[in-house]
Amino acid sequence: MLWIMQFSGFFSAAMMMIVLSPSLQSFPPAEAIRSSHLDSYIRLPSFQVSTSPDSQDDRFSFRKAFEFRNADECGFADHKTTGVCDPTLHSLCPENVFFHFLVSETDMETLVRSTFPQLKFKVYYFDPEIVRNLISSSVRQALEQPLNYARNYLADLLEPCVRRVIYLDSDLVFVDNISKLWSTNLRSRTIGAPEYCHANFTKYFTNSFWSDDRFSGTFRGRKPCYFNTGVMVIDLVRWRRAGFTRRIERWMEIQKSNRIYELGSLPPFLLVFAGRVAPIEHRWNQHGLGGDNVRGSCRDLHPGPISLLHWSGSGKPWLRLDSKRPCPLDALWAPYDLYRHPH
């Protein structure tokens with residue numbers, strides 16, 4: 001499922017998630033976390049909330065944050081939204097947050113409502129057949145799932161009144177105020193993301209790509225850098241105007257016949273946007289915490305301030321917790337796992 005949090009008629013945040021997996025959670029704002037010595041982390045109060053005893057989904061639970069408000073105009077009374085385009089929705093008031101869900105299974109709405117009964121949201125159906133024939137085999141089978149590509153179609157699926165989104169993967173935790181990320185100045189760019197220009201950009205494409213000027217020539221005149229697509233600020237107005245969905249699809253079609261990359265949904269984004277990205281501070285994507293399941297490696301935090309922890313990579317914290325073989329940083333995820341864990 002694709003989860004999109006809308007904070008206003010034009011302020012949205014999005015993330016990829018399957019509802020049966022742990023979802024994005026948030027810590028109170030923190031200016032910096034600098035090591036994985038867990039004793040130094042903030043310990044948060046939380047409340048255990050579960051579905052009703054007679055519900056078929058009683059295996060799920062979640063911890064609800066204590067009530068708080070960020071501005072004087074925010075109250076605890078229920079806000080009656082008028083719909084997706086309600087102009088009164090804004091990020092200052094948590095009770096005014098509106099969620100959008102893209103689902104690939106038609107029965108998901110019932111599950112969402114039973115798991116999160118107080119959410120204000122709308123469900124959109126994403127047909128996997130839209131993209132299934134465009135997907136090529138990847139280095140990991142998980143990267144071949146159609147829902148990984150749903151972010152390519154946000155501009156088509158969401159209402160025109162949704163003019164900007166923050167796209168977020170589901171394997172992350174915020175430790176800062178998302179409104180700071182929202183305030184990113186994209187200038188003339190369509191997307192903004194933390195860039196990593198020290199990374200070896202050539203490894204994201206095959207030798208046949210780099211040896212064929214028809215393909216590699218797309219980067220001529222650009223200074224492409226790797227960026228992780230798990231955290232992006234996207235201007236949907238510019239996206240729609242430029243037809244970027246079709247541009248991404250065209251590279252996926254080329255991949256089917258020429259095998260120009262090995263990694264799932266990332267390379268088409270790089271082909272279209274690398275070198276044309278509004279830079280965002282690295283603190284907004286402390287990625288790679290998933291490490292490598294094959295070697296069982298655990299990653300530490302990179303130096304510097306951190307606003308977002310991202311378990312990208314093949315190792316996921318919920319799987320390591322279930323197998324009783326967690327990495328140290330997985331303790332930050334554990335309190336917010338939707339599945340119940342015996343204590």
Side-chain angles (χ1 to χ4, degrees), residues 13-16 24 32-36 138-140 142-143 148 151-152 165-176 178 180-207 209-210 216 218-235 244 248 251 260-292 295 297-317 327 329:
M15 76 176 183
M16 290 297 301
L24 175 147
I33 297 177
R34 298 183 183 276
S35 77
S36 61
S138 181
V139 293
R140 296 207 323 263
L143 300 177
N148 288 340
R151 60 188 168 199
N152 302 353
V165 296
I166 299 175
Y167 178 91
L168 302 171
D169 279 348
S170 63
D171 53 353
L172 53 81
V173 172
F174 263 96
V175 292
D176 208 333
I178 195 173
K180 297 178 184 178
L181 181 58
W182 174 251
S183 65
T184 297
N185 184 355
L186 296 181
R187 301 179 179 85
S188 61
R189 303 303 190 186
T190 300
I191 71 170
E195 293 183 292
Y196 304 89
C197 296
H198 63 279
N200 181 4
F201 190 78
T202 60
K203 72 178 183 179
Y204 295 101
F205 302 95
T206 62
N207 290 335
F209 171 86
W210 292 113
S216 59
T218 190
F219 292 122
R220 190 175 295 115
R222 296 156 63 178
K223 295 181 179 179
C225 294
Y226 162 73
F227 64 93
N228 181 282
T229 52
V231 179
M232 297 184 291
V233 180
I234 306 175
D235 186 322
F244 283 121
I248 291 174
W251 280 114
I260 58 176
Y261 55 80
E262 303 291 346
L263 289 172
S265 59
L266 169 63
F269 259 83
L270 296 179
L271 286 161
V272 173
F273 294 110
R276 299 167 177 165
V277 174
I280 293 176
E281 288 184 87
H282 288 180
R283 67 187 301 156
W284 291 107
N285 195 351
Q286 176 81 198
H287 69 289
L289 301 183
D292 189 329
R295 295 192 300 271
S297 63
C298 294
R299 303 285 180 85
D300 202 350
L301 298 176
H302 304 300
I306 297 166
S307 295
L308 185 150
L309 301 166
H310 187 187
W311 279 262
S312 60
S314 57
K316 299 304 177 186
C327 290
L329 285 172

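Side-chain atoms of Arg276 never come within 3.5 Å of backbone atoms of Arg189 as a donor-acceptor pair (strictly under, hydrogens ignored). In this structure, Trp210 contributes its side chain and Thr202 its backbone to a donor-acceptor pair below 3.5 Å. Not one N or O on the side chain of His310 forms a donor-acceptor pair closer than 3.5 Å with the backbone of Gly288. Side-chain N or O atoms of Asn228 include one that pairs as donor or acceptor with a backbone N or O of Gly230 at under 3.5 Å. No side-chain donor-acceptor contact under 3.5 Å links Lys316 to the backbone of Asp171.
In plain terms, the two heavy atoms of Arg222 and Ala274 that are nearest each other are NH2-O, 2.6 Å. Between Val231 and Pro194, the shortest heavy-atom contact is O-CD, 4.0 Å. Taking both residues in full, the closest heavy atoms of Phe209 and Ile260 are given as CB-O, 3.6 Å, listed atom of the first, atom of the second, then distance. Across all their heavy atoms, Trp182 and Val165 have their closest contact at CZ3-N, 4.2 Å. Between Met232 and Ala193 the shortest heavy-atom distance is CG-CB, 4.3 Å. The minimum heavy-atom distance linking Trp311 with Leu329 is given by the pair CZ2-O, 3.3 Å.
Using a 4.5 Å cut-off on side-chain heavy atoms (C-beta onward), Ile280 and Phe227 make no contact. At least one side-chain heavy atom of Leu309 sits under 4.5 Å from a side-chain heavy atom of Val175. In this structure, the side chains of Leu289 and Leu301 come closer than 4.5 Å at one or more pairs of heavy atoms. Between Trp284 and Lys180, the closest side-chain pair of non-hydrogen atoms falls below 4.5 Å. Using a 4.5 Å heavy-atom cutoff, the side chains of Val173 and Leu308 are not in contact. Using a 4.5 Å heavy-atom threshold, the side chains of Phe201 and Cys225 count as separate. When side chains are defined from C-beta on, Tyr196 counts as touching Asn285, because their heavy atoms get closer than 4.5 Å. You'll find the side chain of Tyr261 stays beyond 4.5 Å of the side chain of Leu266, heavy atoms only.
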- side-chain contact (heavy atoms from CB on, under 4.5 Å) between Leu181 and Phe174, worked out: CA-CA 11 Å; Leu181 181 58; Phe174 263 96; 4.3 Å; yes
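Salt-bridge check for Arg283 with Asp176: passed, with a basic side-chain N closer than 4.0 Å to an acidic carboxylate O.
Of the inter-residue distances, the one linking Leu270 atom CG with Thr229 atom OG1 reads 7.5 Å to the nearest 0.5 angstrom. Atom CG of residue Leu271 and atom CD1 of residue Ile248 lie 9.5 Å apart, to the nearest 0.5 angstrom. Going from atom CG of Leu263 over to atom NZ of Lys203 covers 9.0 Å, rounded to the nearest 0.5 Å. The line from CG of Asp235 to OG1 of Thr184 is 12.0 Å long, rounded to the nearest 0.5 Å. With rounding to the nearest 0.5 angstrom, the OG atom of Ser216 is 11.5 Å from the CG atom of Asn207.
Listed by chain and residue number, nothing satisfies the side-chain hydrogen bond (donor to acceptor under 3.5 Å, both in side chains) test with Ser312 (two or more places apart in sequence, or in another chain).
Between His287 and His302, the ring planes lie tilted relative to each other; the angle falls in the 30° to 60° range.
A cation-pi arrangement is present between Arg151 and Phe269, with the terminal nitrogen or guanidinium carbon under 6.0 Å from the aromatic centre and inside a 45° cone about the axis.
For Asn200, the CG atom sits in a packed shell: over 12 heavy atoms of surrounding residues, nucleotides or ligands are nearer than 6.0 Å.
Taking the centre of each ring, Phe244 and Phe273 come in below the 6.0 Å mark. Ring centers of Tyr226 and His198: at least 6.0 Å apart, outside the cut-off.
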